[in-house]
Number of protein chains: 2
Amino acid sequence: MVTPLTENDPTAQGERRARQRTGKNGRLALGPLPELVGYNLRKAQVALFQNFQSAVAPHDITPGQFGVLIMIKENEGLSQSDLGSAVGIDRSTMVAVIDRLESRGLVVRAPSPNDRRSYALRLSPEGQRLMEELIPRVKAHDQSMVKDLSKEEQAQLIDFLRRMSKAG
Amino acid sequence: MVTPLTENDPTAQGERRARQRTGKNGRLALGPLPELVGYNLRKAQVALFQNFQSAVAPHDITPGQFGVLIMIKENEGLSQSDLGSAVGIDRSTMVAVIDRLESRGLVVRAPSPNDRRSYALRLSPEGQRLMEELIPRVKAHDQSMVKDLSKEEQAQLIDFLRRMSKAG
DNA sequence: TATTGTTATACTCTATAACTATA
DNA sequence: TATAGTTATAGAGTATAACAATA
């Protein structure tokens, strides 16, 4: 990804342009954005996403895929539709998501014992091994994102975020 | 209603899972996800995104487009490349973003006075009118997302998120 | 009739590589 | 040589509508 919002432009041209607009520090004006919770939420998530990628390298797993794998691990035998409802995506979208994980050998589409329309999803042995390696790494990554916050502040942050989700 | 998947699973694991899921609504087990900052961040952002959409309806503007429009408004005459760097997307991606906003009559690609390779972006009169209507709405929407937090907690939340972005 | 997985289709967001005009 | 905008291309993610098999 490209440089984020408040990065300096080190070129002479960039400095000239920036000076014309901001008069001083070579950054673009952001208007009301920095005061918005949504803007800061977005920036934190971009930072988290990038850090996640390097934390789970070289496994090429996204946070979304990790969530899907966790749900399958924790709810072995669930159907694609139920999984989709749980993670908030349509069942038609889930098809390609599982296609990818299955073609990588991480997830198995087993026949459902009581409903011949649906699959019983489960992790393959390789998927299980991967998750055993990934879960501690993801936890460590998550901690590293809030390493500058005290334990109390970390708990507060999660509490605030949960209250936001409810308020939505 | 879906049949509980672990209904006849005799193992301790299965029973634990079933108990976690067998509330009134059949919720699935989430494993370590609820303790992760990243998971709660993601959920808060999904809630915010949906609320944003209804807050700016019927204008069909996304948070990302709003950010681009703010940057153009606050830094009139900037180029597509500088804008891309500012919001963190590649200049090739920015082409279609501006195409859309231009075709909707919100943004103008004016010739740059000192560099014939680049455009000087600015809001059209219609874009200016839209932003005058949108900015108060977006601020109100943003406030509504944290309405259950005290002013002090809101300030703490933004502070925590900023410290996370730096830590990335 | 309703649901599950699927396909067809479409749109957004994202990137890299290569092209052109210009610097 | 380097940069700005563009195009071609690719892939992920998202959705709706319709279909066959099954409930």
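Bear in mind that the values here come from a model prediction, so they are computed numbers and not experimental data. Chain A is the first sequence line, chain B the second, and so forth, proteins listed ahead of strands; every chain is numbered from 1.
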Closest-nucleotide ordering on DNA chain D, the 5'-leading residue of Thr93(B) and Gly88(A): Thr93(B)
Qualifying residue, where the test is side-chain contact (heavy atoms from CB on, under 4.5 Å) with Leu157(B) and the options are Asn40(A), Leu161(A), Leu41(A), Asp159(A): Leu161(A)
Results of side chain to side chain donor-acceptor pair (under 3.5 Å) for Gln53(B) - residues two or more places apart only: none
Asn75(A) side-chain N/O to Met71(A) backbone N/O, donor-acceptor pair under 3.5 Å: yes
Parallel, tilted or perpendicular, as decided by the 30° and 60° cut-offs, for the rings of Phe160(A) and Phe160(B): parallel
Distance test, side-chain N/O of Ser79(A) to OP1/OP2 of dT4(C), below 4.0 Å: no
dT6(C) phosphate, OP1 or OP2, under 4.0 Å from Gln80(A) side-chain N/O: yes
Euclidean distance, atom CG of residue Asp90(A) to atom C1' of dT3(C) [Å, nearest integer]: 13 Å
Separation of dT14(D) C1' from Arg91(A) CZ (nearest whole Å): 15 Å
Side-chain N,O (Ser92(B)) to OP1/OP2 (dT6(D)) below 4.0 Å: no
For atom CZ of Phe49(B) and atom P of dG13(D), their distance in whole Å: 16 Å
Distance test, side-chain N/O of Ser118(B) to OP1/OP2 of dT3(D), below 4.0 Å: no
Distance, rounded to the nearest Å, where Asp115(A) contributes CG and dT3(C) contributes C1': 8 Å
Whole-Å gap separating P (dT14(D)) and CG (Leu83(A)): 12 Å
Residue whose closest nucleotide on DNA chain C lies nearer the 5' end, Asp99(A) versus Ala96(B): Asp99(A)
Any Arg100(B) side-chain N or O less than 4.0 Å from OP1/OP2 of dC13(C): yes
OP1 or OP2 of dA20(D) under 4.0 Å from side-chain N/O of Arg116(A): no
side-chain N/O Tyr119(B) vs dT6(D) OP1/OP2, d < 4.0 Å: yes
Length of the line joining Arg117(B):CZ and dT1(D):P, which is rounded to integer Å: 17 Å
Shared hydrophobic cluster, Phe49(B) / Val97(B) (ILVMFWY, side-chain heavy atoms < 4.5 Å): no
Rounded interatomic separation in angstrom, taking CG from Asp60(A) and C1' from dA12(D): 11 Å
Gln65(A) CD to dT14(D) P, straight-line distance once rounded to whole Å: 11 Å
